[in-house]
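Here the structure comes first, spelled out in structure tokens, and everything after it is commentary.
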Number of protein chains: 2
Amino acid sequence: MPRTSDKRERLITAAKTLFHEQGLAQTTLADIAATARVALGNVYYYFKTKDDIASAVIAERAAEVRDVLDSCDCASCPRECVVSVLKKMRGRAAEYVDKGCPVGALCQELGRSDSPLTDQAYGLVRAQIDWLTDKFGAMGRRDARDLAVQLVSEMQGVSLTARAIGDARLLRRQLDRLIEWVETL
Amino acid sequence: MPRTSDKRERLITAAKTLFHEQGLAQTTLADIAATARVALGNVYYYFKTKDDIASAVIAERAAEVRDVLDSCDCASCPRECVVSVLKKMRGRAAEYVDKGCPVGALCQELGRSDSPLTDQAYGLVRAQIDWLTDKFGAMGRRDARDLAVQLVSEMQGVSLTARAIGDARLLRRQLDRLIEWVETL
DNA sequence: GTCTATATGTTGATAGAC
DNA sequence: GTCTATCAACATATAGAC
């Protein structure tokens, strides 16, 4: 009997994937438990409610967002930092067209209920905006925040339209345009 | 006893509002029936399944999209047509921040299930892209489709980010930027 | 066409043995 | 900590009287 089990982590991982692929409302606790190979009744030892699982998943996504931004953060050139983010998304174009943006999906689904989860989900978007605002500011732009909002909006938007058309090349082309835009800013 | 009742229409109207405000999955047939003041059991006289209601709602949204685009369609100046669409959205900025974009919400929620509803929802986005492609083409742009995708993406994206920040002024400012962009295109 | 009553299935959550 | 069994609530959908 291990003093520490990885079941909690397995549950979060399973929930994260399922929420992304099927949405929060469509994913049942039975789904999560089965995917994580945990008995249904045992889920409640780790999480008091379904919302608690959702909260943990959003926290995980927040950590992922931080990791991505951190990995793109080079102290020398803020412009390169921004381009790095776009290139990273470009590398996952197929995934974005296939399953959509995990952050955008969470925001859209939780944007309606005004539970604490709503603000937590929107925090994922605000974190990106804040980071980009910092970079555009370092580039000497007075309108740094507006530019940050614009770029995050475009990233979210092109993900949706590319999905609607079902064309990953379209998404890559739009991201190339954004990269070019940032480089000539 | 009227030969024709408006119950079907009332049900669609109620469902349209509720889907927008709470989402499809969170809205029950009981909700719809109560809002439309129709007995629950009577709903099934008008719609065979819940998906049938959803389909009818999306069709209504499609008609709305067509109406908006038609009302912005002046044969003389394609640039003015595009600007009109943006101004119309600008006039509803508060509504977009409060409840989100109805089209974007439907796409996001139905984007995962690959029922016939998915393609129907994405058709709302494609209709906008096609209309804008036509206008940008009439403006002599070779990259008309890419511009159309870009603009629809931005409209969808700024709606989400403005919601995340909870600021209607931000949305208006971003739309002003887009209007300016189209005018100098 | 309209209603009440109910079948049928699913879900989040709990009880309690081990 | 883990499991099986199950509850209570709610959802979609149907049956059948009027």
Side-chain angles (χ1 to χ4, degrees), chain A residues 1-58 106 109-110 112-118 120-121, chain B residues 1-58 106 109-110 112-118 120-121:
Chain A
M1 48 175 74
R3 201 153 35 125
T4 68
S5 153
D6 64 340
K7 286 193 177 178
R8 189 189 154 87
E9 199 184 350
R10 289 216 309 270
L11 285 166
I12 294 176
T13 302
K16 191 172 64 174
T17 303
L18 289 169
F19 287 170
H20 187 193
E21 289 175 348
Q22 325 177 340
L24 230 138
Q26 282 71 32
T27 300
T28 69
L29 292 174
D31 284 339
I32 298 170
T35 303
R37 283 162 300 130
V38 172
L40 177 56
N42 199 6
V43 172
Y44 289 89
Y45 174 78
Y46 294 98
F47 300 98
K48 208 170 152 54
T49 66
K50 186 182 180 183
D51 274 9
D52 281 353
I53 301 182
S55 183
V57 167
I58 301 173
L106 283 172
E109 187 156 11
L110 291 169
R112 288 179 281 247
S113 56
D114 63 347
S115 62
L117 293 178
T118 307
Q120 199 185 352
Chain B
M1 55 176 73
R3 201 154 34 126
T4 68
S5 154
D6 64 340
K7 287 193 176 178
R8 190 189 154 87
E9 198 182 353
R10 289 216 308 271
L11 286 168
I12 294 176
T13 302
K16 191 172 63 174
T17 303
L18 290 169
F19 287 169
H20 188 192
E21 290 176 348
Q22 324 178 337
L24 231 140
Q26 283 71 31
T27 301
T28 68
L29 292 174
D31 285 339
I32 298 170
T35 303
R37 285 163 298 129
V38 173
L40 176 58
N42 198 6
V43 171
Y44 290 90
Y45 175 78
Y46 294 98
F47 300 97
K48 208 169 152 52
T49 66
K50 188 182 179 183
D51 274 9
D52 280 354
I53 301 182
S55 184
V57 167
I58 300 173
L106 283 171
E109 187 157 10
L110 292 168
R112 289 179 278 247
S113 56
D114 63 345
S115 62
L117 293 178
T118 306
Q120 200 186 351

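Please read these numbers as outputs of a predicted model, since none were measured by experiment. Chain identifiers are assigned alphabetically (A, B, ...) following the order of the sequence lines, protein sequences preceding nucleic acid strands; residue numbering begins at 1 within each chain.
The one candidate from Val43(A), Ile12(A), Ile58(A), Leu24(A) that meets the side-chain contact (heavy atoms from CB on, under 4.5 Å) condition with Ile53(A) is Val43(A).
In this structure, the side-chain contact (heavy atoms from CB on, under 4.5 Å) partners of Asn42(A), at least two apart in sequence or on a different chain, are Lys7(A), Val38(A), Ala39(A), Tyr45(A), Tyr46(A).
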Can you give the donor-acceptor pairs under 3.5 Å from side chains of residues 25-35 of chain A to other protein atoms, not counting sequence neighbours?
{"from": "Thr27(A)", "atom 1": "OG1", "to": "Leu18(A)", "atom 2": "O", "distance (Å)": "3.4"}
{"from": "Thr27(A)", "atom 1": "OG1", "to": "Gln22(A)", "atom 2": "OE1", "distance (Å)": "3.3"}
{"from": "Thr27(A)", "atom 1": "OG1", "to": "Gly23(A)", "atom 2": "O", "distance (Å)": "2.7"}
{"from": "Thr28(A)", "atom 1": "OG1", "to": "Ala30(A)", "atom 2": "N", "distance (Å)": "3.4"}
{"from": "Thr28(A)", "atom 1": "OG1", "to": "Asp31(A)", "atom 2": "N", "distance (Å)": "3.0"}
{"from": "Thr28(A)", "atom 1": "OG1", "to": "Asp31(A)", "atom 2": "OD2", "distance (Å)": "3.4"}
{"from": "Asp31(A)", "atom 1": "OD2", "to": "Thr28(A)", "atom 2": "N", "distance (Å)": "3.3"}
{"from": "Thr35(A)", "atom 1": "OG1", "to": "Asp31(A)", "atom 2": "O", "distance (Å)": "2.9"}

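For Gln26(A) and dG12(C), the CD to C1' distance is 15 Å, given to the nearest whole Å. Distance CG (Leu24(A)) to C1' (dT11(C)): 14 Å, rounded to an integer number of Å. To the nearest angstrom, P of dT6(C) lies 20 Å from CG of Leu29(B).
Residue Asp6(A) places its CG atom among more than 12 non-hydrogen atoms of other residues, nucleotides or ligands, all under 6.0 Å distant.
Residues Thr17(B) and His20(B) have side chains not in contact (no heavy-atom distance under 4.5 Å, counting atoms from C-beta outward).
Leu11(B) CG to Lys16(B) NZ: the interatomic distance, rounded to the nearest 0.5 Å, is 13.0 Å.
Residue Thr28(B) places no side-chain N or O under 4.0 Å from the OP1 or OP2 atom of dC10(D).
The stretch residues 36-50 of chain A touches DNA chain D through Ala39(A), Gly41(A), Asn42(A), Tyr45(A), Tyr46(A), each having a heavy atom within less than 4.0 Å of the strand.
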